[in-house]
K.L.:
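Quick one: the structure is below, questions incoming.
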Protein chains: 4
Amino acid sequence: MVEETWTRYTVSMYCEDMEMDMHMDKDREHGRGGRPRSEQARTAILHAVDDLLLEMGYAAVTMKGIAQRAGVSRQTVYRWWSHKAEILFEASVIDAQQELAVSPAADPLDDLTAYLEALIRFLAHSPAGAAYRALVGEAQHDAAVAKLLSSKDLLGDSARVVIERAIGEGNLPIPLDQATALLIGPTFFWILSGRNADHLVPRELAKDFIHDLQARLSH
Amino acid sequence: MVEETWTRYTVSMYCEDMEMDMHMDKDREHGRGGRPRSEQARTAILHAVDDLLLEMGYAAVTMKGIAQRAGVSRQTVYRWWSHKAEILFEASVIDAQQELAVSPAADPLDDLTAYLEALIRFLAHSPAGAAYRALVGEAQHDAAVAKLLSSKDLLGDSARVVIERAIGEGNLPIPLDQATALLIGPTFFWILSGRNADHLVPRELAKDFIHDLQARLSH
Amino acid sequence: MVEETWTRYTVSMYCEDMEMDMHMDKDREHGRGGRPRSEQARTAILHAVDDLLLEMGYAAVTMKGIAQRAGVSRQTVYRWWSHKAEILFEASVIDAQQELAVSPAADPLDDLTAYLEALIRFLAHSPAGAAYRALVGEAQHDAAVAKLLSSKDLLGDSARVVIERAIGEGNLPIPLDQATALLIGPTFFWILSGRNADHLVPRELAKDFIHDLQARLSH
Amino acid sequence: MVEETWTRYTVSMYCEDMEMDMHMDKDREHGRGGRPRSEQARTAILHAVDDLLLEMGYAAVTMKGIAQRAGVSRQTVYRWWSHKAEILFEASVIDAQQELAVSPAADPLDDLTAYLEALIRFLAHSPAGAAYRALVGEAQHDAAVAKLLSSKDLLGDSARVVIERAIGEGNLPIPLDQATALLIGPTFFWILSGRNADHLVPRELAKDFIHDLQARLSH
DNA sequence: CGTTAACCGAGACGGTACGTCTGGTCTTGAA
DNA sequence: TTCAAGACCAGACGTACCGTCTCGGTTAACG
């Protein structure tokens, strides 16, 4: 099952065990009468956003431009998304989750290193990462975008998974949230402050993270 | 020499021992004849930007709005600054530097803790910090702003000063730049990703940083 | 036969002795099978137009607004009327005919005066008259509305009846059509050009009309 | 002197003895600073309205369309005119005045006949007349347009001139305004109600008008 | 002590995105 | 087949800001 479901103005992610809900959703939402939403229009819009971001840059990602590129009425865009940030988010979140999900490694250090490599690749080189950085940027001066972003903690979630797997939540001397900040923070800062991502050494950063935890344990 | 040029002409900091330079500057720039630049207009614009950002939020910071608020012609704004990012930067950089400069403490841990407290205060609560976060945001999808920001590494510079003072450059097992990322990163990520700054514990973060360095040394 | 067709299907007046026709109409239109047209929807729409015109003004008379107000689907409106002019016409024509029909008076001058009074009341103060003026307005730049209006010469018909009764067609020195223009024209112009209807003196206008005819006779 | 003057959002007509005022107007309006209004843009817009009305009909006369056709920004149109009715009015009023001004004839009957011929030509066949009819139409359901039209009584003014010349105001048994309604009314009604203008006989209408006045005098 | 060139305010200009609105059409499921 | 509901495309609405461009008027160093 590859379908996604959505509700008006919210973004619902792909989830295997959601099939049943989807049926209910559709029935509830569609509620008796009315032309059903055009799946074609929806995907055309999401693709248009992706394409525009890649080809023309963030400045060209415009509600008007999206509609034009998607061959869709402007009203249709506004009907389902309030801001371009919402479209951008929905268009990139699936890719982002995939790019940030790393398969487990035997060694905890390898595991964390692999994750940091993925994180760097995502933030510095991936289109989805570019969208994400743009959204983080907007969030700094737009409360609506900030709320949108906080509704789905992409980076935090992905880091939590890896940390739990590599360290084990029971072994953590600090709350999981703070651990994610220690793991992600230096890389996040390095890239968002415009520094060269090639100078980052994932394995060293992973080691730093482990040393932190060990030092905190021995207190 | 403490001065740096990053606007079309010159950004003059308010340092007493700079008067002479300014004279020279003026002479050089001014060519022969002509009305000199109005210092009154310049400060009015910078104050207008500050005020607008505080009172009306980032959305109201508009070239048009700035000019109106400053009681200045739109042309006069464009004559001296290309983007609103430049004005915002110039308007907040002095405050930022002051807020990020902490007086030395006896103990390295106290020193670092004091710095992190200042950093948190700056990023999470200060108007200048709000401006800085907005600029970092813009930089994610505007190369010009990115270049502007990288011309004056506010956070990096301030951290470097403290690290050198607390640790000593000779004692560092890693390049200074990477050390700043370890120190700043977690806080930077925490705040820019919209988390509650009150949950940060500066002293623990400072300890983490020191442990990192010690662990690296013992390798 | 009192019925006239001018909409796509049929405009049915509310006359008791028309029931049979309606039945026939329905049968004819209905073909075989299918849900019959909802009389409820039809009257709801006509009433909605009336109400909107009165309460919100002509600008609010919108196909969408009519449907909403009538609690009816947009499609249902379009199914039976092409333009909003058609609905407006159908909604006001009955009222208009009643308002323009004056009971005979003993004296020709009284008869004509009574008619002109009704005409002024209709054009200047009646809701149906407002609708009619709006339609005349639209007709100036919309051929379809012009054709619609000319299909039912409300003013001309009502004037013809009165003139025939007061003067007698045999006594007319000019064609009936031209006589109606002489009778109606000054009032029509006065009101449609935005002048104050209170300044009109129906009895004097009636006298003018009679003098015209007498002068023409004596030639 | 062929220039016109204008003030913001109002229409000022051509007037010989206005030269002096114009100077004052320009000085006053332009009031110290600011780029002066582009006469080129203004005439381009007025011509565009004329052209669109002729070529594409009233439906195509759109603020957007006008701007596009005139090669002018939309904002520039809105800066000087609120409604498209204002532009239409300003664009056609000069032509209208010229078309409705008839040179005096020896005989009063000839004078009035010539005027009615001009009136019929204007209302039924002239582009300026088409614009005028459209405006009268809009005025029936738009108070702003009604006010605009009443600010310059095109038809009334032209008729008054002729009546005064042909009859003499002293000889009128009724107010001048009412006389104009008697003269214009029948023709106005005939054409605006969609009847064939060729069936009008100006000389007979002129006679009717004269007979009216004579009959009123002899009371 | 007048030139003169760059400054300043005001504000009109062409462009273009914004978010909303209506016009018509189409597609559902129920009656 | 009609109905209510409502999504669809198309495109005009009026507003806002962008960056550029005239204007008339000011001002201080230069000659």
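The basis for the numbers below is simple: all heavy atoms, side chains too, and nothing from hydrogens, waters or symmetry mates. Just so it is clear: chains get the letters A, B, ... in the order the sequence lines come, proteins before strands, and each one is counted from 1.
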K.L.:
Check B:W81 against B:E86 and note the closest heavy-atom contact, atom names and distance.
P.N.:
CA-OE1, 3.4 Å

K.L.:
What is the distance, to the nearest angstrom, from the CZ atom on B:R37 to the C1' atom on F:dT26?
P.N.:
18 Å

K.L.:
Just to be sure I understand the geometry, which residues of residues 51-61 of chain D put a non-hydrogen atom under 4.0 Å away from DNA chain E?
P.N.:
none

K.L.:
Could you state the NZ-C1' distance from B:K84 to F:dG19, rounded to the nearest angstrom?
P.N.:
14 Å

K.L.:
Please give, in whole Å, the distance from E:dC8 C1' to B:E39 CD?
P.N.:
15 Å

K.L.:
At under 4.0 Å, does any side-chain N or O of A:W80 touch on OP1 or OP2 of F:dC8?
P.N.:
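Checking F:dC8 against A:W80, a side-chain N or O does come within under 4.0 Å of OP1 or OP2.
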
K.L.:
Would you please test C:Q75 and C:R79 for side-chain contact (heavy atoms from CB on, under 4.5 Å) and show each step?
P.N.:
CA-CA 6 Å; C:Q75 187 63 43; C:R79 217 192 314 269; 4.1 Å; yes

K.L.:
Can you measure D:Y78 atom OH to E:dG11 atom C1' for me and round it to whole angstrom units?
P.N.:
20 Å

K.L.:
Check the distance between F:dC13's P and D:H83's NE2 and give it to me in whole angstrom.
P.N.:
13 Å

K.L.:
Mind running a 4.0 Å heavy-atom check of residues 63-77 of chain B against DNA chain E and sending the residues that fall below it, in number order?
P.N.:
B:G71, B:V72, B:S73, B:R74, B:T76

K.L.:
My understanding is that only residues two or more places apart in sequence, or in another chain, count here; which of them pass salt bridge (charged side-chain N to carboxylate O under 4.0 Å, His left out) with B:R74?
P.N.:
none

K.L.:
Does a distance-only test, which skips hydrogens and angles, find a donor-acceptor pair under 3.5 Å between the side chain of B:R35 and the base of F:dT26?
P.N.:
yes

K.L.:
Report all side-chain donor-acceptor pairs from residues 45-52 of chain C shorter than 3.5 Å, counting only partners two or more places apart or in another chain.
P.N.:
none

K.L.:
Compute both the distance and the angle, then confirm whether A:R42 meets the cation-pi test with A:W80: under 6.0 Å from the six-membered ring centre, within 45 degrees of the axis.
P.N.:
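Not flagged: A:R42 not positioned over aromatic ring of A:W80.
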
K.L.:
Would you find a donor on one side and an acceptor on the other, under 3.5 Å apart, between the side chain of D:T76 and the backbone of D:V72?
P.N.:
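A pair under 3.5 Å: no.
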
K.L.:
What is the distance, to the nearest angstrom, from the CD atom on A:Q40 to the P atom on F:dC8?
P.N.:
11 Å

K.L.:
Step by step, work out the side-chain contact (heavy atoms from CB on, under 4.5 Å) result for C:K84 and C:V77.
P.N.:
CA-CA 9 Å; C:K84 74 175 176 182; C:V77 183; over 6 Å; no

K.L.:
Can you give me the bend angle of the helix from E:dC1-F:dG31 to E:dA31-F:dT1? Use the axis through the first five pairs and the one through the last five, nearest 10 degrees.
P.N.:
10°

K.L.:
Once salt bridge (charged side-chain N to carboxylate O under 4.0 Å, His left out) is applied, what residue pairs with a partner in residues 53-68 of chain B remain, sequence neighbours excluded?
P.N.:
B:E55-B:R69

K.L.:
Any non-hydrogen side-chain atom of C:H83 less than 4.5 Å from a side-chain atom of C:V145?
P.N.:
no

K.L.:
Do the side chain of B:S38 and the main chain of B:A41 share a donor and acceptor less than 3.5 angstrom apart?
P.N.:
yes

K.L.:
How close or far is atom P of F:dA4 from atom CD1 of C:I45, stated in whole angstroms?
P.N.:
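Roughly 8 Å, once rounded to whole Å.
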
K.L.:
Given atom CD1 of D:I87 and atom C1' of F:dA12, what is their separation to the nearest angstrom?
P.N.:
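Rounded to the whole Å, the gap is 14 Å.
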
K.L.:
Is it true that a side-chain atom of C:S82 and a backbone atom of C:Y78 form a donor plus acceptor pair closer than 3.5 Å?
P.N.:
no

